[in-house]
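All ligand and atom numbering here is 1-based and tracks the order in the structure. Just so it is clear, the structure is predicted and the values come from calculations on it, not from any experiment.
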Amino acid sequence: STLDKVKDSSSVRIGYANETPFAYTALDGSVTGESPEIVRKVFERMGVEKINPVLTEWGSLIPGLRASRFDLIAAGMYITPERCKQVLFTDPHYQLPDTLLVKTGNPKGLHSYEDIAKSGAKVAIMSGTVNLGYARNSGITDEQILQVPDTTAQLQAVRAGRADAAVGTQLTMKGLADKGGDSVEAIAEFKDDPAHTGYGALAFRPEDKDLRDAVNAELKKWLGSEEHLATVKPFGFDQSNITDKTAAELCGQ
Ligand SMILES: CC1=N[C@H](C(=O)O)[C@@H](O)CN1
């Protein structure tokens with residue numbers, strides 16, 4: 001099994017997409033971010049020393065996992081009932097709402113998916129994200145949606161005016177706003193369905209239930225500890241991101 005292989009080799013392959021602060025390639029080429037650093041700590045407790053990062057686009061995370069290009073997804077992926085049919089999630093290691101990135105001053109007055117739908121504004125969304133489904137369900141047409149492969153392209157689209165907004169996690173959009181300088185901002189008041197609150201977790205192949213269970217057991221002992229909070233603090237996470245929701249609840253099982 002993958003669990004035996006991981007233990008025997010003392011190494012594990014993690015799939016991630018470049019998205020600050022969840023998972024990204026550091027300047028020295030290593031992988032860092034909230035999720036990989038949690039993986040490092042939790043696997044250390046299981047006696048597994050080496051993390052081998054595999055970079056891919058967000059939209060290829062689930063296909064890549066299922067094709068065994070890596071052993072787990074460490075990208076802060078939200079648990080949704082639809083995804084639960086394809087992968088096995090641990091319990092969530094954070095909770096976080098989404099928001100919009102817009103031009104400074106929010107010239108089109110966008111505060112919700114519905115505002116975008118009504119105004120005919122364009123929105124840049126990363127392929128394979130929950131946000132794509134939420135946008136479509138809110139009446140945003142495909143002509144209004146600019147699908148892009150990564151968050152850098154979301155920022156570029158808003159800066160260049162190809163899109164009026166980009167949508168994603170609050171921390172991601174804040175990070176893009178910081179990177180984008182004075183021309184863009186992450187809005188403070190995004191009116192979203194509370195059911196859209198993101199609960200991010202590690203994800204495994206359906207046949208690797210033993211591995212998921214072993215990781216989940218370690219994770220549960222560790223989440224909320226001082227070491228956990230110190231590990232994720234550099235990435236902008238704190239006590240407010242701690243959750244006691246479970247994967248089973250969020251999968252709707
Ligand atoms: C961390 C993250 N979560 C969302 C998702 O799970 O689809 C998307 O916003 C992409 N990034």
Side-chain angles (χ1 to χ4, degrees), residues 14-25 31-39 55-66 72-102 112-113 116 123-138 140 145-155 157-158 163 165-177 179 186-187 190 192-204 232 235-237 240-241 243 245 247 250-252:
I14 64 167
Y16 73 103
N18 258 327
E19 180 179 3
T20 310
F22 295 95
Y24 55 97
T25 311
V31 67
T32 190
E34 184 257 6
S35 301
E37 297 305 337
I38 286 179
V39 168
L55 176 63
T56 191
E57 285 173 358
W58 184 273
S60 301
L61 287 168
I62 291 180
L65 174 70
R66 294 180 60 102
L72 69 130
I73 298 170
M77 184 173 277
Y78 293 173
I79 301 174
T80 66
E82 204 179 315
R83 287 174 176 160
C84 295
K85 292 178 195 153
Q86 297 179 277
V87 301
L88 283 181
F89 285 105
T90 59
D91 293 321
H93 47 78
Y94 75 86
Q95 62 172 347
L96 194 65
D98 290 333
T99 197
L100 301 179
L101 180 81
V102 294
S112 64
Y113 286 111
I116 297 173
V123 58
I125 307 183
M126 197 155 67
S127 297
T129 58
V130 291
N131 308 100
L132 202 52
Y134 298 159
R136 286 176 171 149
N137 289 339
S138 310
I140 298 174
I145 298 173
L146 182 67
Q147 271 199 58
V148 295
D150 53 39
T151 58
T152 306
Q154 285 186 295
L155 172 59
V158 175
V167 63
T169 88
Q170 215 174 62
L171 285 174
T172 309
M173 296 302 113
K174 277 187 189 159
L176 293 181
K179 231 179 166 178
I187 67 163
F190 182 50
D192 199 6
D193 183 340
H196 291 176
T197 299
Y199 294 93
L202 306 175
F204 296 84
V232 299
F235 307 107
F237 294 78
S240 70
N241 303 109
T243 173
K245 285 251 193 307
L250 295 159
C251 289

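- Checking each of Tyr16, Phe235, Tyr94 against Phe22 for a ring-ring contact (aromatic ring centres under 6.0 Å, His included) leaves exactly one that passes, namely Tyr94.
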Under 3.5 Å donor-acceptor pairs involving side-chain atoms of residues 193-204, not counting sequence neighbours:
from	atom 1	to	atom 2	distance (Å)
Asp193	OD1	Ala195	N	2.8
His196	ND1	Asp192	OD1	2.7
Thr197	OG1	Pro194	O	2.9

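- The protein residues lying under 4.0 angstrom from ligand 1, judged by non-hydrogen atoms, are Glu19, Phe22, Trp58, Ala75, Gly76, Met77, Tyr78, Arg83, Tyr94, Met126, Thr129, Val130, Asn131, Thr169.
- Ile145 places a side-chain heavy atom less than 4.5 Å from the side chain of Arg136.
- For Pro149, the side chain to side chain contact (heavy atoms under 4.5 Å, CB included) partners at least two apart in sequence or on another chain are Glu57, Ala153.
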In residues 74-82, what donor-acceptor pairs under 3.5 Å come from side-chain atoms, sequence neighbours left out?
from	atom 1	to	atom 2	distance (Å)
Tyr78	OH	Asp98	OD1	2.7
Thr80	OG1	Arg83	N	3.2

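- In this structure, Asn18 and Thr151 have side chains that are not in contact, with every pair of non-hydrogen atoms separated by 4.5 Å or more.
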